[in-house]
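Take a look at the structure below.
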Protein chains: 4
Amino acid sequence: MSHSSPFSPGEKGLRLRTFQIIFESDTRSGKVFDIVLISVIILSVSIVFLDSVPHLNAQYGEWFSIAEWVFTLIFTVEYALRIWCLDRPWRYMRSFYGIIDLVTIMPSWLSLVIPGAQTMLVIRIMRVLRLFRVLRLMEFVGEGRMLVQALNRSRRKILLFLTAVLSIITVFGSLIYLIEPPEAGFTSIPKALYWAIVTLTTVGYGDIAPITPVGQFISSIMMILGYSILAVPTGVFSAEVIRAMRTEQESEEACPGCGREGHDKDAHYCKDCGTWLDEETEDPRLKEDNVDQDK
Amino acid sequence: MSHSSPFSPGEKGLRLRTFQIIFESDTRSGKVFDIVLISVIILSVSIVFLDSVPHLNAQYGEWFSIAEWVFTLIFTVEYALRIWCLDRPWRYMRSFYGIIDLVTIMPSWLSLVIPGAQTMLVIRIMRVLRLFRVLRLMEFVGEGRMLVQALNRSRRKILLFLTAVLSIITVFGSLIYLIEPPEAGFTSIPKALYWAIVTLTTVGYGDIAPITPVGQFISSIMMILGYSILAVPTGVFSAEVIRAMRTEQESEEACPGCGREGHDKDAHYCKDCGTWLDEETEDPRLKEDNVDQDK
Amino acid sequence: MSHSSPFSPGEKGLRLRTFQIIFESDTRSGKVFDIVLISVIILSVSIVFLDSVPHLNAQYGEWFSIAEWVFTLIFTVEYALRIWCLDRPWRYMRSFYGIIDLVTIMPSWLSLVIPGAQTMLVIRIMRVLRLFRVLRLMEFVGEGRMLVQALNRSRRKILLFLTAVLSIITVFGSLIYLIEPPEAGFTSIPKALYWAIVTLTTVGYGDIAPITPVGQFISSIMMILGYSILAVPTGVFSAEVIRAMRTEQESEEACPGCGREGHDKDAHYCKDCGTWLDEETEDPRLKEDNVDQDK
Amino acid sequence: MSHSSPFSPGEKGLRLRTFQIIFESDTRSGKVFDIVLISVIILSVSIVFLDSVPHLNAQYGEWFSIAEWVFTLIFTVEYALRIWCLDRPWRYMRSFYGIIDLVTIMPSWLSLVIPGAQTMLVIRIMRVLRLFRVLRLMEFVGEGRMLVQALNRSRRKILLFLTAVLSIITVFGSLIYLIEPPEAGFTSIPKALYWAIVTLTTVGYGDIAPITPVGQFISSIMMILGYSILAVPTGVFSAEVIRAMRTEQESEEACPGCGREGHDKDAHYCKDCGTWLDEETEDPRLKEDNVDQDK
């Protein structure tokens, strides 16, 4: 990884070992580290949750504060180790997870300097995002890549679907705003749009609801629409997952003639150059040719 | 596009250029125009939204009014340019988007003539529909066509599903109307039908809800029904999207050697018998063989 | 249809013509009859709906009453014609649609004999079920059959899914009943089960909702469960629709050798007896055999 | 099943017969036993339900108590018979269903010893879980196995999806907690998380709902997100069910003639080259040919 480092050989070995534990997951201690990290993340986020409950804060507030400092120290040491064991720490520090790592330990330290930065403490909740790095390290790489690939390929269709959904919301929301009296809660178009989203997505809080027969008729149409068009993203994504799975089913063998990949598993000849794919047996065309030559 | 136009050559070039910018999207300025248009549409619709909020209207009402006039002028000039640069403007003016274009600039002009046409102003919100034309111009043609095709093919099944849904709503709604007392909100069958739609689509406002045990039992059945039959449109549409994708991927050509169908579109040789698939050109292997024979 | 009927030839012709108009849909007048029938059904059901609205009933009650008698007469004549033009009217009268036809005209006639049979009038709403017969007559036969077939094949899986859903509802509902105080609305287990159904199906009225932290935690698990397991019936049904579609894609040709049906469209040899399927060309094996014989 | 049992031959026959009735389902009496058991389970659970309704308990409490004792006796006898007729009863007693069987009869007996163990009686509701054993015995084995297999294979993707859902809930819930005033019901982060789950899963009770414009805007994004990402588990599971079905339908054998795979399980001849697929028997065509040659 590094050549000409200013570290002594022993220190270099220690750095490599730290790197393997923290950044990789294929050693025993690397796996233990991952599980400890997941536990500490979940625990520290839970403390933030519980600390926000007034009567728990009144009773255990000091304990929560101590626990938070312990977690902050753990995460700070971890962050320092991550920087120390890398040869190009800047690259890590500017990466998505590097920024998350830094941002989620800052609030506690800043609260020492700037008093009353209470709301900033909620930033620590973004620690949950760190879970994804650990999951990525573990065995979920393939699963995640397939989902991301399927999402990526259906991106445009989903975008088109969302444009249609937003148009329906805009048109129906404005219509209801005209029809319903302000007493029903439709005091402005943004409010009516909020209601339209609540209705079309079938959430249905009921804090705002149409009260006139015409308004109820129009919102009925909207509900059935929202209920039915859920089929669109689902259908699109299903199709993409199936396609991604089929790709997995494709043979991983490349053509010995031209190197083309992505043949069906049941293909006998390369679809690009016509070379016989099954290297262990002979191409039946050659046999026929031999017969011809014999004549 | 036009032969024998009354315009001078320079004006004709200008018209063609305007046409390319406004109606097409494959030039650089055409793309810039599309993005500007999307921004102006979203901005102008947002102004209509914000203007409807009482306290914003009180504070910034005049600014909104000025902004609206600016947008009206922009859209009016755009409409005039669209008519000017076409050879058969009538065709455009009678098309769906042509009517939308006109209708969404009318309210502001009409409000000069007919005072108090306040509610008519909401018509300007239909400008969001114009977004689809821009999307169609851009790269979403293929995606949109596939979705529309899949929707089109599942049209009848969806219609049959909706008839079934409406029958369930009618029968269950009437049943609940008989069972529940008017105090629960079921004062008439249309009201009960509205409740049935709110329930079956899993929206569940809670403004009307059954209060008798029998009514709650029947609505429980309805909820489980509504929850389960969502599978029907989803399944039908998924199947159609998958079919549309497969059709897109597979070549419709059969192998001239063995008749095998279902080759990938990028295949050059039959995956079953190795025959060259592209009948219009010669198999490159034959050329190589010829070269070999010449030596 | 009938031989040795007691009708005169002219009357028999009239009966056949009536039969074609009422029961079939492939003549012009048959199609007109279908559309008129759909309109009359929807209109008559709408009248029942509107008649239940108190202020409309107060104002237009008499007109609704007259309209209802007109519809009753139309449906009674139609029922009589259906019986008259059939050779085996009993079969029709005992069929599902025959009973629906009779039951939905009875309330009006019975209201003459038994006064105050007001609630019985709601039975007329079941006329909506007659729509399915008309749809079946029209072009929706194939679509309906495929949906019914897919539903039929996924029947057992859906039943298993529903048993699982009901078990989740029972266990979680009882748990919440123990945890939540009666003040939150969980006054009995049936009430708690009703709440569990409202929650799991994501309807969420909000008329009963947990108020304790533990209750809210448990219902959170339930919501995520209900949200996720919707994938089960959808997945099962999607797969069945796709299978049903593939069956449609199967060749309709039977094997000329053994009569076996259901070959893939790209099959060349019968999968049961090995006969060459493409009757227009010669079996390539025969050619090879000829070559062998020539030697 | 057992050799060297301490039972006399007659008793041994009785035990075997009892075993067949209780544990198996392929005899007539076994089937009758299953149906009786399902009925008794549903009845006994219903009694627990009804007994919890205050006014029913006041009126029929004693009858419910008697019925419960009858059911307890039936289930106790059944449990004793299950132990008696097995050779290795311990294995059954430690199995999942063995524990359920014991646990669900204990409350009644314990209530004799420990008075006031009222809440414990709800444990009897877990009898519903016994239904799955009966279903497994009956014809639902294959269906259940396929569903479980599909769930199993999509396990990781669903887990990844749930982690993403929980992260969205955590981040959005905390955000809303910061934005919304406590008066709207967002008094602590756990409360805000509860609201986030209610919203993202589209349940939407409405007991807590955002009241500020910014809060309503953020929750609108959340609703559309929750509405759209439902496509993920559905798509993943659909794809797995389709794969499971295809695997069930297709033979895993390749054609011995041409190596073609993916034949239907009922195919006898390769659909591509017409070779006889069943290698263990002889091609019937060969026999016919022999007959022809003999003549």
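Order of the sequence lines sets the chain letters (A, B, ...), proteins ahead of strands, with each chain counted from 1. Quick note: numbers below take in every heavy atom, side chains included, and nothing from hydrogens, waters or symmetry partners.
- Distance CZ/B:F49 to OH/A:Y177: 11.5 Å, rounded to 0.5 Å.
- Annotation for B:L162 and A:S228: closest pair CD2-OG, 3.8 Å, computed over non-hydrogen atoms.
- Nearest heavy-atom pair across B:S52 and A:I189 is OG-N, 2.7 Å.
- If you tally non-hydrogen atom pairs under 4.5 Å between each of A:P182, A:S154, A:A231, A:S167 and chain B, the highest count goes to A:A231.
- Across all their heavy atoms, B:V45 and A:T170 have their closest contact at CG1-CG2, 4.4 Å.
- With a threshold of 4.5 angstrom between heavy atoms, A:V203 approaches chain B through N, CA, C or O but not through any side-chain atom.
- For B:I208, no part lies under 4.5 angstrom from a heavy atom of chain A.
- Contact of B:L230 with chain A is made through backbone and side chain together, with heavy-atom distances under 4.5 Å.
- Top candidate by heavy-atom pairs under 4.5 Å with chain A, chosen from B:K191, B:M126, B:E240, is B:K191.
- Between B:Y205 and A:P210 the shortest side-chain heavy-atom distance falls below 4.5 Å.
- Proximity to chain B (any heavy atom under 4.5 Å) is restricted, for A:T187, to the backbone atoms N, CA, C and O.
- Here CG of B:L131 is found 7.5 Å from OG1 of A:T163. Values are rounded to the nearest 0.5 Å.
- By a heavy-atom distance cut of under 4.5 Å, A:L193, A:W195, A:T199 are the residues of residues 192-201 of chain A near chain B, going up by number.
- When heavy atoms are compared at a cutoff of 4.5 Å, B:P190 does not approach chain A at all.
- In terms of heavy-atom pairs under 4.5 angstrom with chain B, the leader among A:G226, A:P233, A:S220 is A:S220.
- For B:F64, the CZ atom is densely surrounded, since the number of other residues' heavy atoms within 6.0 Å is greater than 12.
- For B:I158, no part lies near chain A; criterion is any non-hydrogen pair under 4.5 Å.
- Within the model, atoms OG1 of B:T234 and CD1 of A:I229 stand 11.5 Å from one another, a figure rounded to the nearest 0.5 Å.
- No part of A:F237 comes within reach of chain B, as not one of its non-hydrogen atoms sits under 4.5 angstrom from that chain.
- If you tally non-hydrogen atom pairs under 4.5 Å between each of A:S238, A:G173, A:S174 and chain B, the highest count goes to A:S174.
- In this structure, B:V128 and A:L166 have side chains that are not in contact, with every pair of non-hydrogen atoms separated by 4.5 Å or more.
- Going from atom CG of B:D207 over to atom CG of A:D207 covers 11.0 Å, rounded to the nearest 0.5 Å.
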